[in-house]
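Keep in mind it's a predicted model, so treat the numbers as computed, not measured.
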Amino acid sequence: MEKVFIYWDNSNIFISAQEVAIEREGMTARHRVRVHFRNLLELAHAGREIEHAIAVGSIPPELRHVWNRLENEGVNVLLLERGAMQGREQGVDQALQTAMLRDAFDYNGNPGIAVLLTGDGSGFADGVGFHADLERMHKRGWRIEVLSWRHSCNRRMREWADQNGKFIALDDFYDSITFLEPPAPGQPIADPRHPIPVDLDSRP
C-alpha cells in the first residue's frame, strides 16, 4: 500500500474556515470557530499509513496541548508565535515546500501519496509555490490530493488536482473538522458546537 505524506498549512486552512463559519453560522462564529486537528488529520490520511507529516501553525497557549497530541501521532509540528505569522508567511510556505521536495528526492524510487492541506497556489507562473511543487512530484510518480475550502483554493491548482489527482473540498466535512467554542465573557450567549465523526465514506 502506498504511504501518505501530509503537508498542512494550518493558517491558510483556519483563516478560510472563519469565512465559511460566517456563511454557515453567522458573524459571531468567526471568532469562535476552531479547526478540530485530530478529525482533519483523520480526513487527510483516511486510514492509510502516514510515512511523513508536517504541519505549520501558531501557538496560542490554549492550543499547545492539541498540537502536542498531533506530535504524539507522528506529525512534525512547526509552530510560530501568534502575531508573527503575517510577516513570516513566505517562510512558512517555504518550509512546507522544502519538505515536499525533500520527500520527492528521498523517496525517488518509491513515491507515495502527497496530501496537501492549503488553497495557496500562488507562484505557479514563476515555477515556485505549492502547485508547481505538486506538479514536480506528480511527474516523479506521486499521487496527489489537495484538501482545501472551495472558495479559497487557487482555481488553477484545484482544476489541476481534479484532473491529475483528487480535490477534496473541506466544505463537505465542515461539521466534522471544525467546532465552535463557547462565547467569550461579555459576548451574546450561544451554545458551543461539537464536531461530528468524520464520514470517510464521503471522501472522494
In terms of heavy-atom contacts, R193 and F179 come closest through O-CB, 3.1 Å
Just do the side chain to side chain contact (heavy atoms under 4.5 Å, CB included) check on L40 and L170 with the steps written out, would you? CA-CA 9 Å; L40 183 52; L170 296 180; 4.0 Å; yes
For S16 and S152, the nearest pair of non-hydrogen atoms, with its separation, is OG-OG, 2.9 Å
Euclidean distance, D162 CG relative to I144 CD1, rounded to 0.5 Å: 13.5 Å
Within a reach of under 6.0 Å around CZ of R102, are more than 12 heavy atoms found that belong to other residues, nucleotides or ligands? no
Any donor and acceptor pair, going by atom type alone, linking the side chain of R30 with main-chain N or O of V20 inside 3.5 Å? no
Aromatic plane relationship, F5 with W142 - under 30° parallel, 30 to 60° tilted, over 60° perpendicular: perpendicular
For the hydrophobic clusters of this structure (ILVMFWY residues joined by side-chain heavy atoms under 4.5 Å, transitively), does one cluster hold both V4 and L200? yes
d(D133 CG, D93 CG) to nearest 0.5 Å is 10.5 Å
Partner set under side chain to side chain donor-acceptor pair (under 3.5 Å) for E73, not counting sequence neighbours: R38
Under the side-chain hydrogen bond (donor to acceptor under 3.5 Å, both in side chains) definition, can you give me all pairs with a residue in residues 168-177, not counting sequence neighbours? E25-Y174, R150-D172
Distance (rounded to the nearest 0.5 Å) between R140 CZ and R136 CZ: 10.0 Å
Are I22 and I15 joined in one hydrophobic group, where the rule is that I, L, V, M, F, W and Y side chains link up if heavy atoms are under 4.5 Å apart? no
Taking K166 for the side chain and P204 for the main chain, is one N or O donor matched with an acceptor at less than 3.5 Å? yes
Could you pull out the closest heavy-atom pair between C153 and M157, with the gap in Å? SG-CE, 4.1 Å
Between I6 and L41, is the side chain to side chain contact (heavy atoms under 4.5 Å, CB included) condition met? List the steps. CA-CA 9 Å; I6 297 172; L41 180 63; 3.8 Å; yes
Walk me through it: do Y107 and E51 pass the test side chain to side chain contact (heavy atoms under 4.5 Å, CB included)? CA-CA 11 Å; Y107 293 84; E51 177 71 11; 2.7 Å; yes
Closest non-hydrogen atom pair, R32 against P183: NE-N, 3.8 Å
Please step through side chain to side chain contact (heavy atoms under 4.5 Å, CB included) for the pair I177 and F37, ending with a clear verdict. CA-CA 7 Å; I177 64 172; F37 293 161; over 6 Å; no
Using only heavy-atom distances, determine whether the side chains of Q97 and Y7 contain a donor-acceptor pair under 3.5 Å. no
Does W149 use its side chain to pair, donor to acceptor, with the backbone of I13 at less than 3.5 Å? yes
Side chain to side chain contact (heavy atoms under 4.5 Å, CB included) partner of W8, the single match among N76, L96, L147, L70: L70
Could you tell me which non-hydrogen atom of L134 sits nearest to which non-hydrogen atom of W160, and how far apart they are? O-CH2, 3.8 Å
Give me the atom names and distance for the closest heavy-atom approach of A99 to I54. CB-CG2, 4.0 Å
So CG of L43 and NE2 of H36: to nearest 0.5 Å the spacing works out to 12.5 Å
From OG (S148) to CG (N12), nearest 0.5 Å: 6.0 Å
State whether E145 and R48 are salt-bridged, where the test is any N-O pair (Lys NZ or Arg NE/NH1/NH2 against Asp/Glu carboxylate O) under 4.0 Å. yes
Distance col, row E181:CD vs R34:CZ, nearest 0.5 angstrom, shows 4.0 Å
Residue of the set N154, N10, D9 for which side chain to side chain donor-acceptor pair (under 3.5 Å) holds with T118: D9
